[in-house]
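Scope of the values below: all heavy atoms of this structure, side chains included, with no hydrogens, waters or symmetry mates. Convention: sequence-line order gives letters A, B, ...; per-chain numbering from 1.
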Number of protein chains: 2
Amino acid sequence: MFDSESELPTLRSPHALAPMKLAANLQEQVASHLRRRILSGQLLPGTPLREQTLAVEFGISRGPIRDALLHLTKEGLLIAKPNVGVRVANEPSGFKRNVIVHLRREIEASAVTAWFETRDPALLKRLDDNLSHYKDACGGSDLGQVVELDMAFHRLLVETADHGSLVDLWLPIMLRMFLRYSRHRDLMESYHEHAGIVRAMHGGREWEALEALKLHIV
Amino acid sequence: MFDSESELPTLRSPHALAPMKLAANLQEQVASHLRRRILSGQLLPGTPLREQTLAVEFGISRGPIRDALLHLTKEGLLIAKPNVGVRVANEPSGFKRNVIVHLRREIEASAVTAWFETRDPALLKRLDDNLSHYKDACGGSDLGQVVELDMAFHRLLVETADHGSLVDLWLPIMLRMFLRYSRHRDLMESYHEHAGIVRAMHGGREWEALEALKLHIV
DNA sequence: GAGTCAAACATTGTTGACAAATGACAACTC
DNA sequence: GAGTTGTCATTTGTCAACAATGTTTGACTC
């Protein structure tokens, strides 16, 4: 059924960057693992996820699995039908995706605008770090890595605003958009767009940063 | 501790309008019940919610309670700290609330715009129904009722767009905003704003409807 | 009296067993 | 042969007990 080496990783990925807190409880580990498999395209839309199957696969009981599936359902990555189960959500329709794009722009632009109030250089340092890792990942073949670093970049932006209070609002929107990450995406172009945003922030050019961000989110 | 008559309602409220499906499973019933108590202000921000306490209160085990708390956490009504528990979330900060307002406007305006493509009269019928109930509720004293009907109104709008696919995106945003529903709110004025939106839709005046909607969401 | 440590308590996290609901399939009716 | 009903296997829903973690309390030291 599944590869036997798809075991629960005992630790997070080697270079888990700054604010990625590694979860102590099983439900979060399971959720992270499944989230990555969905976003990297290993689990395609429509694929059913059975609690018992996952339980034996991870070598734990159904309880934490259940919690994790609930998490992912609320994040929009799975859809649940009572008494039947969950399956990987479909990509959003064209109409819905268009709305999502506007919402992401609104949130991330608000965050960047808030940053320009203080221009705290700590964020720039982290973004630079992320960029160098992201460049490497885009050259490599690990799509899961690329997705994670891309998301981390935008999460860094959002976390600056109002001390991270926007993240919980932003995450489900972001995840739904990333359901179709793999397709139609030039990775290196994405990297250069990230770099352009950071460059404008370094130079203190607010309008340019916002414009680059807006053009990047499509 | 709690009133003994705060038992789990065996059925939903008497005039549960059209698309409110009554939940068969306990977790949804518990979630609905708690959601209402939070939004109506019976449970104030910061109040801790203990699994065991709720379990005996509802006369069920901790399992469904746990699921319900997870739901509400992901909806933004509760905040969870691992190994410690959940408590009712604080009202969003001024900055966050401002972002939320823009997101809600974006979503609901998209929905209304989509409706003007077809102008399906079924929606108008439901909105009229809602309005009459809403007017009564605003006159009465049951704040929970008012909140529910207000939310139902906007849910009706959102559900028309793209066959309801926006609802899951919209709900957490809406709920966070309603965390401070009770305060600073003139109920009758709110009713008249709803009525104004519906009137513009009846008359086919798209711009007026969108403008009224935008002014209503603050 | 202030600070520190450990033990007791309270609460969540996890587990395995059992109950209830669903969907598929076969037998039956008309 | 089309539709309906009944049965069965599969899957989720619920439960109660146990383990692990976090918090509080109170004695003890300085």
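Per the geometry, CZ belonging to A:Phe58 stands 16 Å off C1' belonging to C:dT14, to the nearest Å. One interatomic measurement links the two molecules: CG of A:Leu69 to P of D:dT11, which rounds to 14 Å at whole-angstrom precision. Taking atom CD of residue B:Glu28 and atom P of nucleotide C:dA20, one finds them 20 Å apart after rounding to whole Å. Here C:dT12 presents its P atom at 12 Å from CG of B:Leu78, a figure rounded to the nearest Å. Remark: C1' of C:dA24 and CG of A:Asn83 are 16 Å apart, rounded to the nearest angstrom. Taking atom CD of residue A:Glu51 and atom P of nucleotide D:dT11, one finds them 11 Å apart after rounding to whole Å. As a whole-Å value, the separation of A:Ile60 CD1 from C:dT14 C1' is 9 Å. Between A:Leu54 atom CG and D:dT10 atom C1' the separation is 15 Å, expressed in whole Å.
When each of C:dT15, D:dA16, C:dT12 is scored by its nearest atom to the side-chain atoms of B:Ser61, the top-ranked nucleotide is D:dA16. For A:Asn25, the side-chain atoms get nearest to C:dT14 when compared with the rest of D:dG22, D:dC15, C:dT14. Relative to the side chain of B:Arg62, the nucleotides D:dT23, D:dT14, C:dT12 differ in distance, and C:dT12 lies closest. Considering only the side chain of A:Lys81, C:dG23 comes nearest among C:dG23, D:dT11, C:dT11. Distance from the side chain of B:Leu26 is smallest for D:dC15 among the nucleotides D:dT12, D:dC15, D:dT21. Closest to the A:Val84 side chain, of the nucleotides C:dG23, C:dT15, D:dC15, is C:dG23. Checking D:dT14, C:dT22, C:dT14 against the side-chain heavy atoms of A:Pro64 singles out C:dT14 as nearest.
For the pair A:Leu179/A:Leu77, a side-chain contact is recorded, criterion being any heavy-atom separation below 4.5 Å from C-beta on.
Between A:His216 and A:His154, the ring planes lie parallel to each other; the angle is under 30°, not in the 30° to 60° tilted range. The aromatic rings of A:Tyr134 and A:His194 lie parallel to each other, with less than 30° between the two planes, well short of the 60° mark.
In terms of phosphate contacts, A:Arg50 brings no side-chain nitrogen or oxygen within less than 4.0 Å of OP1 or OP2 of D:dT10. The side chain of A:Arg66 contributes no N or O atom lying less than 4.0 Å from OP1 or OP2 of D:dT12.
Nucleic acid contact for A:Gly63: base, since at least one base atom lies under 4.0 Å from a heavy atom of the residue. Residue A:Ile65 is out of contact with every strand shown, counting any heavy-atom pair closer than 4.0 Å.
Of the possible polar contacts, none joining the A:Asp162 side chain to the A:Ser165 backbone as a donor-acceptor pair under 3.5 Å is found.
Taking 4.0 Å as the cut-off between side-chain N and carboxylate O, A:Arg126 and A:Asp120 do not count as a salt-bridged pair.
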